[in-house]
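First the structure, in the form of structure tokens, and then the observations on it.
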Amino acid sequence: MTILKEREKSTMQRVLESLNRRTTLSDSDLQTFSQLEKGFEGEQRFDQFVIEFVDDDYLVINDLLLIINGTTIQIDSLLITGQEIYMYEIKNFKGEYMNSPNYLKTFSGEEILNPVNQLNRTVVVFRQLLKQWQVRMELMSAVIYVNPQFTLYKAEETDNIILPTALPYHLIGLNRKRRPLTRDHHTLAERLLKAHQSEFSFQKKRSVYDYESLRKGLTCVKCGSFELLVNEKNVRCHTCKAIKPLNETVLANVEEFRIIFPNDKVTTEKMENWCGKQVSNKRIWLILRNKYKKVGKTRGSHYL
Ligand SMILES: [Zn+2]
């Protein structure tokens, strides 16, 4: 199995993760953040299952964002085998739900849209692309519920649903369908990766946070903690005990600033302040100069 596109946290998730450390998130952002985190955890759990149970020479593309005939679709996981394409929508819901055509219902009466409908729409649009590209492969799809604490009542076998307990068997079953990958399969994967869209135009809105109100200071690359011992070379984290090079830590914090404030200029002074004055002005200047392109010559210069 070859993973052609690894799963990564979305920019939105990274921004909210960082803001959550440095300030108090608004209620709606906190909700978005929690959903993104749960979703990502679920996807990672699925990825672990794939690594554990799929041993054949299949191609895996995660988190594919495509615009097809003006419609945007997002595919959590796509598996290309010698015989078929499998499209998976991954859900990390927890608890007991009742299945119905349009909604999943909890016993307390809460309703959420049935993900199968969303998946079916994605399938229709993706088929248009396959047709345009003259790919004549069978397309299978399923909503995968990965959380072991999830139960769905009244689910039919025809519903394109894979429940947590059935997931290993489903994946093991794929290994029995042996037909080798050909050049065509690789070409299809390459074309899909090329068509993949960057997520920026697709971002949800979030609250605006004032720079001044955010907590300043270096955070640990590994766990995000502010409890660091900073010396000339390294940064030692009191929370997770990781020891990371100072330069790497500063750069990660600069990147954090850039994704939160994409329109603000990165200057030496600003980054010195952002890092809580834990690193000297000269050192920051050197780090920025080595990594980024400098714009302007004098004190007002900034980095791209
Ligand atoms: Zn740490």
Side-chain angles (χ1 to χ4, degrees), residues 3 5-27 29-49 51-52 62-63 92 94 146-147 199 203 206-207 209-262 264 266-292 303:
I3 298 174
K5 186 171 172 299
E6 295 276 0
R7 202 177 296 287
E8 284 172 10
K9 288 179 185 172
S10 67
T11 306
M12 186 59 138
Q13 190 181 348
R14 287 192 293 136
V15 166
L16 293 177
E17 194 172 64
S18 157
L19 286 170
N20 191 38
R21 284 197 290 266
R22 294 181 185 267
T23 188
T24 309
L25 291 180
S26 69
D27 288 349
D29 281 353
L30 198 59
Q31 200 184 358
T32 307
F33 181 46
S34 146
Q35 277 168 2
L36 289 171
E37 274 202 316
K38 272 186 215 143
F40 190 71
E41 273 167 31
E43 288 160 7
Q44 282 185 312
R45 187 176 290 171
F46 171 76
D47 296 346
Q48 283 308 313
F49 271 108
I51 290 166
E52 190 174 341
N62 293 316
D63 268 341
N92 196 12
K94 198 171 151 185
V146 282
N147 198 311
E199 61 185 318
Q203 290 274 324
R206 64 165 168 92
S207 307
Y209 298 88
D210 177 31
Y211 173 81
E212 298 304 330
S213 72
L214 301 185
R215 180 172 173 185
K216 310 299 185 299
L218 279 180
T219 57
C220 170
V221 175
K222 208 174 153 205
C223 77
S225 169
F226 283 96
E227 305 303 318
L228 305 176
L229 185 69
V230 181
N231 67 35
E232 275 294 297
K233 270 195 174 153
N234 294 316
V235 173
R236 185 190 293 262
C237 177
H238 292 303
T239 308
C240 75
K241 312 291 177 218
I243 301 171
K244 295 281 180 185
L246 177 63
N247 286 12
E248 184 190 329
T249 307
V250 169
L251 281 173
N253 279 262
V254 171
E255 281 305 315
E256 205 183 317
F257 173 86
R258 285 160 68 102
I259 58 167
I260 301 175
F261 301 105
D264 286 20
V266 172
T267 65
T268 309
E269 281 69 30
K270 190 125 199 185
M271 291 308 101
E272 189 188 2
N273 181 275
W274 177 246
C275 297
K277 310 220 163 165
Q278 286 165 292
V279 188
S280 74
N281 186 291
K282 173 126 192 266
R283 185 68 178 265
I284 293 201
W285 176 77
L286 277 169
I287 294 170
L288 292 176
R289 199 190 59 170
N290 280 329
K291 176 74 183 183
Y292 301 105
Y303 298 84

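In listed order, ligands and their atoms are each counted from 1.
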Query raised in the report: side-chain hydrogen bond (donor to acceptor under 3.5 Å, both in side chains) between Thr268 and Asn281: does it pass, once the steps are laid out?
Result: CA-CA 7 Å; Thr268 309; Asn281 186 291; 5.4 Å; no
Query - Partners meeting ring pair (Phe, Tyr, Trp, His ring centres under 6.0 Å) with Tyr292 (sequence neighbours left out) - result: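 If we apply the ring pair (Phe, Tyr, Trp, His ring centres under 6.0 Å) test to Tyr292, skipping adjacent residues, there are no hits.
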Query - Pairing of Glu256 and Arg22 as salt bridge, 4.0 angstrom limit - result: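 So Glu256 pairs with Arg22 through a salt bridge.
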Query raised in the report: Applying the side chain to side chain contact (heavy atoms under 4.5 Å, CB included) test to Thr249, which of Thr219, Val221, Ile287, Val279 qualifies?
Result: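 In the set Thr219, Val221, Ile287, Val279, the residue that makes a side chain to side chain contact (heavy atoms under 4.5 Å, CB included) with Thr249 is Val221.
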Query raised in the report: Are the side chains of Asn92 and Phe40 in touch, meaning some heavy atoms are under 4.5 Å apart?
Result: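 Asn92 does not reach Phe40 side chain to side chain.
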Requested in this report: Report, as a single number, the protein N, O or S atoms less than 2.8 Å from the Zn ion (ligand 1).
Outcome: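 Those protein atoms number 4 in total.
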Report task. Would you check if the side chain of Asn20 reaches a backbone N or O of Leu16 as a donor-acceptor pair within less than 3.5 Å? Result ->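 Absent.
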